[in-house]
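The next block holds one structure in the form of structure tokens; read it before the comments.
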Amino acid sequence: LSLHSGELTLIKYQMNWPGAGDPYYNSDGGFRRSLYRCNGVPTLYAGGKVPGLHTSELLTSSLNSEKNRKTYLSIAANHVLNLSSRQISLEVNITPYVNSAEFHLYIAVVEKETNANARTNGETSFHNVMMKMIPDGRGTLLNLTGGIPLKMNFTASLSNTNIEEFSDLAVVVFVQNNETKEIVQSAYSSVLNTHTAQNIQTDRFAAEV
């Protein structure tokens with residue numbers, strides 16, 4: 001996946017099984033597991049609908065195919081993180097090219113690297129771990145009209161999470177058809193500072209584990 005840096009967004013949902021499960025697990029990840037009806041870990045989904053990518057050749061082929069598919073909308077987003085209150089505020093701007101009420105918006109706060117929760121399998125470093133979904137793992141149903149921009153604002157507390165370093169967070173915003181599981185667009189949100197708002201560069205697809 002490192003070879004495709006800048007071309008994709010990446011989220012890892014830790015599960016509460018097998019065995020005693022993972023300390024990073026939360027109910028938002030449980031909703032995502034239910035959506036995919038996933039029964040084994042690890043399982044990788046490229047674009048939300050291509051499991052079973054167990055070799056680098058299959059993964060590369062799938063990612064290239066996803067990257068070349070056309071999409072139905074564009075996304076731009078930015079966020080502000082209040083370190084004292086551990087609260088995040090997010091603005092999402094969607095420009096749709098179709099009329100549709102079939103899509104859901106999902107927002108995932110991920111920590112780029114975590115180390116404090118190593119257990120017994122030998123792994124000591126974990127990347128792109130989902131810590132919180134906004135408002136939750138069910139997402140937000142969208143009602144889109146082609147050519148009409150849609151702006152949505154969200155605020156959420158990150159206090160009751162396993163986040164280790166608030167300076168090491170990323171926010172993934174993506175739109176998905178829950179029936180087909182297709183992710184039609186995704187992007188990373190930009191941190192909005194006091195003086196300037198830097199719009200993100202949209203990415204075509206998301207990879208999820």
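Heads up: numbering here begins at 1 and tracks the sequence.
Between G47 and E66, the shortest heavy-atom contact is CA-OE1, 3.4 Å. The minimum heavy-atom distance linking N162 with Y24 is given by the pair ND2-CA, 3.7 Å. Closest approach of Y188 and L10 over heavy atoms only: OH-N, 3.2 Å. Of all heavy-atom pairs between E111 and E164, the closest is OE1-N, 2.9 Å. The minimum heavy-atom distance between G30 and Y25, with the atom names listed, is CA-OH, 3.5 Å. Pairing each heavy atom of L81 with each of F166, the nearest pair is CD2-O, 3.4 Å.
In this structure, the separation between CG on N82 and OG on S89 is 8.0 Å, given to the nearest 0.5 Å. Atoms CG and CH2, from D22 and W17 in turn, are 11.5 Å apart once rounded to the nearest 0.5 Å. Expressed to the nearest 0.5 Å, how far CZ of R37 lies from NZ of K181 amounts to 6.5 Å. Rounding to the nearest 0.5 Å places CD1 of I148 at 10.5 Å from CG of L150. Once rounded to the nearest 0.5 Å, the distance linking NZ of K151 with OG1 of T95 reads 12.0 Å. Between the CD1 atom in I94 and the CG atom in L105 there is a gap of 5.0 Å [rounded to 0.5 Å].
With hydrogens and angles disregarded, no donor-acceptor distance shorter than 3.5 Å links the side chain of Q176 to the backbone of H104. The main-chain N or O of V110 is never found under 3.5 Å from a side-chain atom of N128 such that the two would form a donor-acceptor pair. Side chain of H127 to backbone of E113: no donor-acceptor contact under 3.5 angstrom is found. Under the 3.5 Å distance criterion, the side-chain polar atoms of Q185 are left unmatched by any main-chain donor or acceptor of Y72. For the pair R33 (side chain) and C38 (backbone), a donor-acceptor distance under 3.5 Å is present.
Under a hydrophobic-cluster definition in which Ile, Leu, Val, Met, Phe, Trp and Tyr are linked whenever side-chain heavy atoms come within less than 4.5 Å, directly or via other members, F31 and Y13 are assigned to different clusters. Y97 is not connected to V184 by any chain of hydrophobic side-chain contacts under 4.5 Å among Ile, Leu, Val, Met, Phe, Trp and Tyr, and they are in different clusters. By the criterion of side-chain heavy atoms lying less than 4.5 angstrom apart, applied directly or through intervening Ile, Leu, Val, Met, Phe, Trp or Tyr residues, M152 is not grouped with L141; the two fall into different hydrophobic clusters.
Taking 4.5 Å as the limit, some side-chain heavy atom of L169 sits within range of a side-chain heavy atom of L158. Side-chain contact between P135 and T140 is present, with heavy atoms from C-beta onward closer than 4.5 Å. Under the 4.5 Å side-chain criterion, counting only non-hydrogen atoms from C-beta, I163 is not in contact with K132. Here the side chains of V98 and L144 are not in contact, with every heavy-atom distance at 4.5 Å or above. Counting heavy atoms from C-beta on, the side chains of K49 and T180 never come closer than 4.5 Å. A 4.5 Å side-chain heavy-atom check between I88 and V171 finds at least one atom pair inside the cut-off. Proximity of M131 to T114: side-chain heavy atoms (C-beta onward) are separated by under 4.5 Å at one or more points. Residues M133 and R32 have side chains in contact (heavy-atom distance under 4.5 Å, counting atoms from C-beta outward).
In the displayed structure, N160 atom CG is contacted under 6.0 Å by at most 12 heavy atoms of other residues, nucleotides or ligands.
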Task: From CA spacing to verdict: side chain to side chain contact (heavy atoms under 4.5 Å, CB included), M130, N26 - done: CA-CA 9 Å; M130 186 276 291; N26 58 45; 3.2 Å; yes
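Of the N and O atoms on the side chains of D28 and Y106, not one donor lies less than 3.5 Å from an acceptor on the other residue.
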